[in-house]
Colleague: 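I'd like to ask some things about the structure below.
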Amino acid sequence: MYALVLLVPFVLLGTVLGLSWWEDKLLPPALPDEAPLGAPSTSPASTARPELLADIGSLTRDTPGR
């Protein structure tokens, strides 16, 4: 029973590593024209609205009476 408990993680690790090798070596590589069409062209941080950023200052100021 103890041998089973000790060997199962290594068997699972070997399986994952084998599948990773199989994916890298045997499957054909994806071509750039097969990329998903809905990929974002800009990062979400660069599209933040200025009016939302202005409210952050009011939320972080100390409130009187606390």
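Computed from a predicted model, the values in this text were never measured in an experiment.
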Colleague: Membership question, hydrophobic clusters at under 4.5 Å side-chain separation (ILVMFWY): are Leu27 and Trp21 in the same one?
Modeller: yes

Colleague: What is the distance from atom CG of Leu19 to atom CG of Asp24, rounded to the nearest 0.5 Å?
Modeller: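 These two atoms lie 11.0 Å from each other.
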
Colleague: Without swapping roles, check the side chain of Thr15 against the backbone of Val11 for a donor-acceptor pair under 3.5 Å.
Modeller: yes

Colleague: Verify the cluster assignment for Leu17 and Leu26: are they in a single hydrophobic cluster under the rule of side-chain heavy atoms below 4.5 Å apart?
Modeller: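 In one cluster with Leu17: Leu26, no.
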
